Amino acid sequence: MNDLCWRSLTEVAELIRNRKVSPVEVVQTALERIERLDSRLNSFLTVLADEALGAARQAEEALSKRESLGLLHGVPVAVKDLIHVRGARTTCGSKIMADFIAQEDATVVERLRSNGAIILGKTNLHEFAYGVTNVNPHYGPARNPWDPDRISGGSSGGSAVAVAAGLCYGALGTDTGGSIRIPAALCGIVGLKPTYGRVSRYGVIPLAWSLDHVGPITRTVQDAALLLQVLSGHDPRDPTSSREPVPDYLGALDGNIRGVRVGIIRTMMEDANSEVRTLVQNAVEVLAREGAEVEEVEIPHLQEMRTAAAAIAMPEASAYHLRWLSQRPLDYGEDVRQRLFVGALLPAHVYLTGLRARRRLNREFHSLFSRVDVLVAPTVSVSACPIGATAVRVGGEERDLRTAYLWFNQVFNMAGLPSVSVPCGFIGHLPVGMQIIGRWFAEGEILQVAHGYAQRMNWTNLRPAVS
Amino acid sequence: MDRDQMRILAGRIGLSIPEEDLEAVAAHFSTFLQRLAAVAPLVEDEEPAFFPKGEGIPR
């Protein structure tokens, strides 16, 4: 099948289920593409070729006996390399954990496998997920398939690159301040950060416990819904896992957005560069034409809430890393090491100020969601910058990279709200994204709006330069 | 906070900041505390919310 690698995850699952294509052919195609393209893209840190082919043969055998292994029967997916896959390395993109072999699967990997998915490999990331560029000093940068001299975004950059370049059908990422949505936006694909507690974090190396989320990175909104269906649900091994019932995300997805109340976050639009702002405005006009009711809204004290998010993130990250920071500081890359030192030295009142601000922010969002059903904002303020850049221009102002890319994301982690980034166009040859944020546990609603938009625009049908 | 103060503070919790990091860490630390000063007045009446889940989340 010629275009097998570009079929969506949903399509390839159906092709396998209907025996139009074999899992072995699907996995071999993915492995051949990794072999051919990934020396340029650097999206995988570990390729589990033998294991994946073995699993594909088992999946094929099951099909021949008319057994179904689940929704993802025979579909190859990739996993960010801070999520444990039994018997494989979990490097976290670090020197410190370079030789760590996981003894068990993370819950999300168990769920993928129990639904028939095949784990193709472990993907590149910003060291310990603590950064937005995915320029990794130990393993090299993940490169943007639209322009390999530019960043993929991070920290789940390898996952986004692998999906965008057609090396796999979907991947797992983690998101503490935008790390699923940012690389998805910069690579022109879909990234979903679910509600805090919706998807288990067991078996995932933390960055910041109260901000970390695990979620899917895919080429279509439907694929994100399908993966979320598989990943969601209570896990007694994660103390923050929710018992909220899991709805039928995929079944409810018809793209009808008539009457949905959409709030555009004014300050975030103003803070994006003009090209990004125009693309998001165009996207909002599409939503309005499809029957959505659009109004402008504001998140009060947004700048202070961003600071508060960092006041939570930095001490949590440093608390996890304190022993290594004390014993092996020079084994960290410079950027991560310096951030960890700052977080370690902040006094306790800083952290508590962040936690107190979280309560206020939750209340502000609760109030906002009494007026609107979803919020819309740019995912990033600029498109992907060249690898090695330390600052970008947004409007007339020079901003450091972390600010430019994290700016529109952290507050939704702080409140634990679900948010999905979908492609909304290109600046030159580089994609950018729009994010749609919903009430707690309203993943179905944000996926519906994202699907309503995406199926009219088809940005993900375009192919990147390296593919 | 200057480089020496930073070094002393780190030493108190068993950390040794490499010489080449001292300036950047001190600058980031000071800037961050300045920014945080704008947050404190907004949260005077708030109790901490340790996790996003279960606290202020409508069901």
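The figures here come from the full heavy-atom set of this structure, side chains too, leaving out hydrogens, waters and symmetry mates. Just so you know, these numbers come straight off a predicted model, no measurement behind them.
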- Verify salt bridge (charged side-chain N to carboxylate O under 4.0 Å, His left out) between A:R363 and B:E46, making sure each step is shown before the conclusion. CA-CA 11 Å; A:R363 204 169 48 247; B:E46 305 290 347; 2.4 Å; yes
- Among A:H349, A:Q327, A:M314, A:Q303, single out the residue with the greatest number of heavy-atom pairs under 4.5 Å to chain B. A:M314
- Other residues, nucleotides, ligands: >12 heavy atoms within 6.0 Å of B:D2 CG: yes
- Task: Quick one: list whatever passes salt bridge (charged side-chain N to carboxylate O under 4.0 Å, His left out) with A:E334, sequence neighbours left out.
- Result: none
- Say you draw a straight line from CZ of B:F50 to CG of A:L352; how long is it, rounded to the nearest 0.5 Å? 6.0 Å
- Message: Would you compute the distance between atom CZ of A:F341 and atom CE of B:M6 and round it to the nearest 0.5 angstrom?
- Response: 10.0 Å
- For B:R12, enumerate each residue passing the salt bridge (charged side-chain N to carboxylate O under 4.0 Å, His left out) test, keeping only those at least two apart in sequence or located in another chain. none
- Query: Rounded to the nearest 0.5 Å, how far apart are CG of A:L361 and CG of B:L42?
  - Reply: 11.0 Å
- Note on the structure: When rounded to the nearest 0.5 Å, the distance separating CH2 of A:W209 from CZ of B:F51 is 9.0 Å
- Segment of B:I13 engaging chain A (4.5 angstrom heavy-atom cut-off): side chain
- For chain B, which of A:M305, A:R337, A:R358, A:M414 has the most heavy-atom pairs under 4.5 Å? A:R358
- Message: Nearest 0.5 angstrom please: B:L36 CG to A:Y351 OH, how far?
- Response: 14.0 Å
- Query: Quick one: OG1 on A:T307 to CG on B:L33, what's the gap to the nearest 0.5 Å?
  - Reply: 11.0 Å
- So, for B:G14 and A:S326, which heavy atoms are closest and what is the spacing to 0.1 Å? O-OG, 3.4 Å
- For A:E298, look at atom CD and say whether over 12 heavy atoms of other residues, nucleotides or ligands are found less than 6.0 Å away. yes
- Could you pull out the closest heavy-atom pair between A:R359 and B:P48, with the gap in Å? NH2-O, 2.9 Å
- How close do B:F32 and A:V350 get, heavy atom to heavy atom, and via which atoms? CE2-CG1, 3.8 Å
- Message: Pair B:E20, A:L330 - check side-chain contact (heavy atoms from CB on, under 4.5 Å), show working.
- Response: CA-CA 11 Å; B:E20 66 265 33; A:L330 295 175; 4.0 Å; yes
- Message: Test side-chain contact (heavy atoms from CB on, under 4.5 Å) on B:V43 and A:L355; report intermediate values, then the result.
- Response: CA-CA 9 Å; B:V43 300; A:L355 298 179; over 6 Å; no
- Item | A:S241 portion near chain B, given a 4.5 angstrom heavy-atom threshold | backbone
- Message: Can a donor-acceptor pair be found, under 3.5 Å and without considering hydrogens, that links the side chain of A:R356 to the backbone of B:E47?
- Response: no
- Note: A:N413 and B:P52 closest approach over all heavy atoms is O-CG, 4.1 Å
- Query: Can you find a heavy atom in the side chain of A:R306 that is under 4.5 Å from one in the side chain of B:R35?
  - Reply: no
- Note on the structure: Closest non-hydrogen atoms of A:T353 and B:V39, given as atom of the first, atom of the second and distance, are CG2-CG1, 3.7 Å
